[in-house]
Engineer: 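Got a structure for you, questions after.
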Amino acid sequence: MTRQTDPALEPLKARIAKAQLGAEIEERGKVVSIADGLATVDGLPGAELNEIVTFSTGARGFILSLEENHLNVACLDPANDVAAGTRVTRTGQLASVPVGESLLGRVIDPLGRPLDNGPRPDSTERLPVERLAPSIIERDFVTEPVETGLLVVDALFAIGRGQRELIIGERQTGKTSIAVDTIINQANSDIISIYVAIGQRTSAVRHVIDAVREHGRMEQTVFIVAEASSEPGLQWLAPFSATSIAEWFRDRGRHVLIVYDDLTKHAATHRELALLSRQPPGREAYPGDIFYLHARLLERAAKLSKARGGGSLTALPIAEIEAGNLSAYIPTNLISISDGQIVTSQSLFAANQRPAIDIGLSVSRVGGKAQWVSMKSVAGRLRLDYAQYLEMKMFSRFGGFGDEAMAARMKRGERIAALLAQPRLSPLKLLTQVALLSALNEGILDDVDLATISHLKTKLPSAFAADPILSELDLTSSRLDEGMKSSILEVVRTTLRQT
Ligand code: ATP
Ligand code: MG
């Protein structure tokens, strides 16, 4: 006689039949020690570099380095309640960031979490924070400029689309302002700007965001912020995740500008994490891989070939130096992995020559090839004339020059200095820049006093806008022919008469 079973037991029986019996492997780890946002973890033998792990408290971290007997995990959330013995589990996911159009206009942290009280970016696509840089055959020559709107940069150190130009100088010498002015000048261009704040004060970051909100085009800008008070892990990730966000646009044929403010602080965070994880310290106590870390970051800036869509990623890393020491470890590293540097000088800044760019130490190794022809034709002698003036100025402190030719050069030099000075948030368009330099070259400004020159700079744009022909003139595509030049100079003369 077969025993009747209760039909209610049937589902249970089915489950038992399906159950897999036998040993089950779950990777478990536990925290051995934790200090200042870095945990040493035991276990998790299958874990990968850059993988996200979760602590049993809910906090997350990522695997910063793998050692023979343990892992180093950098925390991405406050981990006050994580302690020795806390359980750690793998997620199987590498550190990644949401990418896509929905990030435009947003302020987010390096994991894509909103910092602007807005909703989570509704992006379904994510990219890993570490990605390979484009190979040589995927790249094209850098031939088009990113206009900064700063006359001194566009004329002397033109930056090309796809170039890496370092902005380096002592603290409070206007480094951030040069980058922010460049972002603001993209309000009328097709370039998307990405500003990454690493280890900055909240007030400084706020200042930048407000400037772009007010003077730039917010909906074409993304801010990735890991301030000084953020977890070191977040600060470490910031430049990498921002670059992945930028690459999503670059790989779709778009043009992107990325500002890393600043990599000196990033290097300091890397050093801090390395020392906590007991990696052997090298020069200036930085771990040996710091050069490779920044090299592989900046290699991701590129101008892509037509076959790859022709997009570009231009990088403006910022670095701080102490006591004018350009040859310290991190500055020399960064100089050698970028295509030029804009050096800001404390003495020029103090003398009110702002942007305080030292033209002797600055260089753009791609620039000239990427400069518009119209600009190139008027900027030719500028650097030499200005350099000579600065030299003469230094010597004339010991007594004036009697020579008339010398006096004329001094006069010209003073006008160049006045032209190259520019207040913050007042970018100049290409036409105005070319007009000012042509007027200088023709000697039109020689007898104009210096105060009038700064008035001229503010009045010229509206004078050009009012001119029916010149307002339509696009100097990016054309050379500056004689006819054009004389009508431009005519407007300059008229504007001078009115000021
Ligand atoms: P930090 O080392 O603190 O990051 P920084 O080198 O980035 O400083 P900024 O913050 O850009 O320098 O500028 C320092 C100060 O100089 C600011 O108060 C800014 O308003 C002023 N400044 C910068 N550029 C100009 C300019 N072109 N004209 C007038 N003032 C300027
Ligand atoms: Mg700054």
Side-chain angles (χ1 to χ4, degrees), residues 147-157 165-185 193-216 223-229 235 238-239 242 257-269 315-326 328 330-331 334 341-359 361-362 416-428 432-433 436 450-451 453-455 457-458:
E147 292 174 47
T148 66
L150 296 167
L151 181 59
V152 54
V153 178
D154 291 343
L156 297 175
F157 311 107
E165 182 81 6
L166 181 67
I167 300 173
I168 187 166
E170 278 152 283
R171 49 180 309 280
Q172 288 288 305
T173 50
K175 303 182 297 296
T176 301
S177 300
I178 293 172
V180 171
D181 279 348
T182 307
I183 291 179
I184 281 166
N185 196 43
S193 306
I194 297 188
Y195 177 86
V196 198
I198 309 157
Q200 302 283 329
R201 281 170 289 117
T202 311
S203 60
V205 181
R206 193 117 255 117
H207 204 64
V208 172
I209 298 175
D210 287 347
V212 174
R213 255 212 189 101
E214 229 169 277
H215 303 268
F223 292 92
I224 290 98
V225 179
E227 328 157 271
S229 56
Q235 295 184 45
L257 168 78
I258 189 164
V259 174
Y260 304 104
D261 197 1
D262 63 59
L263 289 188
T264 329
K265 296 208 174 64
H266 188 253
T269 303
L316 295 182
I318 298 181
E320 187 181 302
I321 54 173
E322 275 168 34
N325 186 8
L326 269 177
I330 298 300
L334 291 172
Q341 70 274 352
I342 288 174
V343 181
T344 54
S345 137
Q346 205 152 49
S347 53
L348 287 174
F349 192 84
N352 251 328
Q353 179 69 35
R354 302 176 186 176
I357 296 177
D358 184 319
I359 62 147
L361 293 174
S362 304
I416 297 176
L419 278 184
L420 298 186
Q422 207 169 322
R424 288 177 65 226
L425 311 171
S426 53
L428 294 174
T432 310
Q433 295 189 355
L436 290 168
L450 299 179
I453 290 187
S454 68
H455 285 302
K457 280 194 280 189
T458 54

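Counting starts at 1 for both ligands and their atoms, following the listed order. What you see is a predicted model; the values in this text were computed from it and never measured.
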Engineer: Report, in ascending order of atom number, the atoms of ligand 1 lying under 4.0 Å from any heavy atom of F349.
Structural biologist: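 Taking each heavy atom of F349 in turn, ligand 1 has 15 (C), 16 (O), 21 (C) under 4.0 Å.
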Engineer: Considering only heavy atoms from C-beta outward, does the side chain of V225 approach that of Q200 to under 4.5 Å?
Structural biologist: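 Heavy-atom side-chain distance check fails, nothing below 4.5 Å.
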Engineer: If only atom types and distance count, is the side chain of K457 paired as donor or acceptor with the main-chain N or O of L428 below 3.5 Å?
Structural biologist: no
Engineer: Taking 4.0 angstrom as the limit and counting only heavy atoms of S177, give me the atoms of ligand 1 inside it, by number and element.
Structural biologist: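 This gives 9 (P), 11 (O), 13 (O), 23 (C), 24 (N) as the contact atoms.
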Engineer: Atom OG1 in T264, atom NZ in K175: separation rounded to 0.5 Å?
Structural biologist: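 It comes to 7.5 Å.
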Engineer: For L450 and A418, which heavy atoms make the closest approach, and how far apart are they?
Structural biologist: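 Shortest heavy-atom separation between L450 and A418 comes out as CD2-CB, 4.0 Å.
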Engineer: Does any N/O atom on R201 come nearer than 3.5 Å to any N/O atom on ligand 1?
Structural biologist: no
Engineer: Looking only at side chains, do T148 and D154 share a donor and an acceptor under 3.5 Å apart?
Structural biologist: yes
Engineer: Counting backbone and side-chain atoms alike, is an N, O or S atom of S177 positioned under 2.8 Å from the Mg ion (ligand 2)?
Structural biologist: no
Engineer: Answer yes or no: is there a side-chain heavy-atom contact under 4.5 Å between L156 and I359?
Structural biologist: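 SC-SC contact between L156 and I359 confirmed.
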Engineer: Quick check on contacts: which atoms of ligand 1 are under 4.0 angstrom from a heavy atom of R171?
Structural biologist: 2 (O)
Engineer: Which residue owns the protein heavy atom closest to atom 17 (C) of ligand 1, what's the atom, and how far is it?
Structural biologist: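 Nearest neighbour among protein heavy atoms for atom 17 (C) of ligand 1, to 0.1 Å: Q172 OE1, 4.6 Å.
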Engineer: Among protein heavy atoms, which sits nearest to atom 12 (O) of ligand 1, and what does the distance come to when rounded to 0.1 Å?
Structural biologist: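 Residue, atom and distance for the closest contact: G174 N, 2.9 Å.
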Engineer: Would you name the heavy atoms of I318 and T176 that are closest together and state the gap between them?
Structural biologist: CD1-CA, 4.1 Å
Engineer: Write out the residue and atom name of the closest protein heavy atom to atom 30 (N) of ligand 1, then the distance separating them to 0.1 Å.
Structural biologist: R354 NH1, 3.5 Å
Engineer: Can you confirm whether some protein heavy atom lies under 4.0 Å from atom 5 (P) of ligand 1, or whether none does?
Structural biologist: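 Answer yes: something from the protein, a heavy atom, is under 4.0 Å.
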Engineer: With heavy-atom distances below 4.0 Å as the criterion, list the atoms of ligand 1 near T176.
Structural biologist: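 Atoms satisfying the 4.0 Å criterion: 4 (O), 5 (P), 7 (O), 11 (O).
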Engineer: Select one of side chain, backbone, both or neither to describe which atoms of Q422 lie under 4.0 Å from any atom of ligand 1, heavy atoms only.
Structural biologist: backbone
Engineer: Whether the side chain of E227 engages the backbone of S203 through a donor-acceptor N/O pair (distance < 3.5 Å, no angle test) should be reported.
Structural biologist: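 Not a single qualifying donor-acceptor pair exists.
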Engineer: Heavy-atom contacts with T173 under 4.0 Å: which atoms of ligand 1 show up? List them by number with element.
Structural biologist: 5 (P), 6 (O), 12 (O)
Engineer: Does NE2 in H215 sit with more than 12 non-hydrogen atoms of other residues, nucleotides or ligands closer than 6.0 Å?
Structural biologist: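 Yes, enclosed.
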Engineer: Among protein heavy atoms, which sits nearest to atom 22 (N) of ligand 1, and what does the distance come to when rounded to 0.1 Å?
Structural biologist: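 Heavy-atom neighbour on the protein nearest atom 22 (N) of ligand 1: R424 CD, 3.7 Å.
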